[in-house]
Amino acid sequence: MYATQALTNLVPLAEELDKNKVTPGVLGFIVFAALAVGVWALMKSMNRHMGRVNFEETPEPASEESAEPVSAKRK
């Protein structure tokens, strides 16, 4: 069934509604719910990926010259 055919079938139903009252209806709820589920899934995935990240930095191998404090080099 094409979208235009579906819309033409819904036109008589729309005429029964009060033209001064606008509500999001079922379609608005479905879109909002789909966005909420999508955001929830993205946050769950981000939590999982952030848990796998290792934040501990490994120290760089330091040579003898760079191991001395800066104040010792100036004397």
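Along the sequence shown, residues are numbered consecutively beginning with 1.
Arg52 CZ to Asn47 CG: the interatomic distance, rounded to the nearest 0.5 Å, is 11.5 Å. To the nearest 0.5 Å, atom CE of residue Met43 and atom CE of residue Met46 are 5.5 Å apart.
Leu42 and Met50 fall into different hydrophobic clusters, where Ile, Leu, Val, Met, Phe, Trp and Tyr side chains are chained together by heavy-atom contacts under 4.5 Å.
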